[in-house]
Amino acid sequence: MTAFHCIAIETETAARFRATGTDDRGNPLRRIVATPGGAFPCRHCLRLAEPGEAMLLGSYDLRKPVGVYWTPSPIFLHEAACPRATAVDEVAPIVRANPLVSVRAYDGQHQCLYDLGHVCAGAEVDVPLARALDDSRTAFVNIHTARPGCLLVRVERRPVADEVCRGAAVSDPPE
């Protein structure tokens, strides 16, 4: 598969949500305690909450796509600070744990590439994600929960040559 990274929400956004108690739409955040067997995927550390962990639920304004396909999305975030994930060349755990995801590819003009869209179990996302990333038209991919449609993570190709030259892994993917 093409080299890629999963891009978590920005640390600044997570910190702002926690500090202000409001989301990107000005709504108060909802505090929810994770329960056993529940799915509470944090969009900052890209892992599922453990039972008993406090989570915040709010509306997040997607950075991409812009234009007609733009939409806000409900997201969960750990109430306590958590490290921003760096999922390099691996699918984020919150995607794999989801029973049904929607893979949505977009071109450089943020037009949805309908022929690359795919719905599958999160554990089976590798093939449709590779298909989207290997297509030269694709600029980025958003993976959503298929039933409620909440953003799980954005995926972008990563320039392998740049990483080799710098001698370091991607630690905080650019927005």
Side-chain angles (χ1 to χ4, degrees), residues 1-15 24 39-49 60-78 82-175:
M1 182 183 319
T2 300
F4 69 95
H5 55 251
C6 292
I7 301 173
I9 67 166
E10 306 84 356
T11 299
E12 296 78 13
T13 300
D24 283 343
F40 302 93
C42 180
R43 287 5 183 252
H44 188 252
C45 68
L46 302 181
R47 70 171 181 81
L48 292 176
Y60 170 72
D61 288 351
L62 274 67
R63 304 304 180 248
K64 294 180 180 182
V66 295
V68 298
Y69 291 100
W70 176 85
T71 183
S73 176
I75 63 164
F76 283 105
L77 171 69
H78 280 102
C82 57
R84 187 174 193 223
T86 55
V88 177
D89 292 333
E90 63 181 284
V91 174
I94 63 173
V95 172
R96 292 223 184 269
N98 201 285
L100 196 62
V101 299
S102 173
V103 176
R104 302 175 189 176
Y106 298 87
D107 68 14
Q109 288 73 48
H110 297 235
Q111 174 70 34
C112 187
L113 300 169
Y114 296 120
D115 61 310
L116 295 177
H118 191 83
V119 175
C120 63
E124 299 169 2
V125 76
D126 295 275
V127 170
L129 179 59
R131 184 171 159 251
L133 291 173
D134 291 345
D135 191 298
S136 63
R137 299 172 297 159
T138 301
F140 63 96
V141 175
N142 282 345
I143 301 177
H144 294 255
T145 59
R147 287 188 180 100
C150 307
L151 176 75
L152 287 168
V153 71
R154 185 172 76 240
V155 181
E156 293 184 2
R157 288 183 197 91
R158 93 181 153 79
V160 176
D162 290 349
E163 295 307 314
V164 172
C165 291
R166 285 196 323 228
V170 174
S171 61
D172 204 7
E175 285 303 311

- Item | Worked check of side chain to side chain contact (heavy atoms under 4.5 Å, CB included) between Val153 and Val95 | CA-CA 8 Å; Val153 71; Val95 172; 3.7 Å; yes
key: Test log, rule side chain to side chain contact (heavy atoms under 4.5 Å, CB included), inputs Phe4 and Leu129   = CA-CA 10 Å; Phe4 69 95; Leu129 179 59; 4.3 Å; yes
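Salt bridge annotation for Glu156-Arg154: present, with a cationic side-chain nitrogen under 4.0 angstrom from a carboxylate oxygen.
Residue pairs meeting the salt bridge (charged side-chain N to carboxylate O under 4.0 Å, His left out) criterion with at least one partner in residues 97-114, sequence neighbours excluded, do not occur; the list is empty.
Scanning both residues, Cys6 and Ala92, for their nearest heavy atoms gives SG-N, 3.6 Å. Heavy atoms only, all atoms of each residue included: Ala97 and Leu48 are closest at CB-CD1, 3.4 Å. A pairwise comparison of heavy atoms in Ala139 and Gly108 identifies CB-N, 3.6 Å as the closest pair. In terms of heavy atoms, Val125 sits closest to Cys120 at CA-SG, 3.8 Å. Shown here for Leu77 and Cys42, the closest heavy-atom pair between the two residues is CA-SG, 3.8 Å. Counting all heavy atoms, side chain and backbone alike, Ile75 lies closest to Tyr60 at CD1-CB, 3.6 Å.
In terms of modelled atom types and a separation under 3.5 Å, the side chain of His110 and the main chain of Val66 share a donor-acceptor contact. In this structure a side-chain-to-backbone donor-acceptor pair under 3.5 Å is present from His144 to Gly149. In terms of modelled atom types and a separation under 3.5 Å, the side chain of Thr138 and the main chain of Ala132 share a donor-acceptor contact. No side-chain donor-acceptor contact under 3.5 Å links Asp89 to the backbone of His5. With Arg157 contributing its side chain and Leu133 its backbone, the two residues share a donor-acceptor pair below 3.5 Å.
Taking the six-membered ring for Trp, His78 and Phe40 have ring centres at least 6.0 Å apart.
Counting heavy atoms of neighbouring residues, nucleotides and ligands inside a 6.0 Å radius, atom CZ of Arg137 exceeds 12 of them.
Phe140 has its side chain out of reach of Ile7: every pair of non-hydrogen atoms, C-beta onward, lies at least 4.5 Å apart. In this structure, Pro65 and Asn142 have side chains that are in contact, with non-hydrogen atoms separated by less than 4.5 Å.
Side chains of Thr145 and Asn98: a donor-acceptor N/O pair is absent below 3.5 angstrom, by distance only. Using a 3.5 Å distance cut-off with no hydrogens or angles, the side chains of Tyr106 and Gln111 do not pair a donor with an acceptor. At a cut-off of 3.5 Å, with distance as the only test, no side-chain donor of Ser102 or His118 sits close to an acceptor on the other residue. In this structure, a donor-acceptor pair under 3.5 Å is absent between the side chains of Arg43 and Thr13.
The distance from the CG atom of Leu116 to the CG atom of Asp135 is 4.5 Å, given to the nearest 0.5 Å. Put simply, CG on Leu62 and CG on Leu151 are 4.5 Å apart, with the number rounded to the nearest 0.5 Å. One finds the CG atom of Asp24 at 4.0 Å from the CG atom of Asp61 (value rounded to the nearest 0.5 Å).
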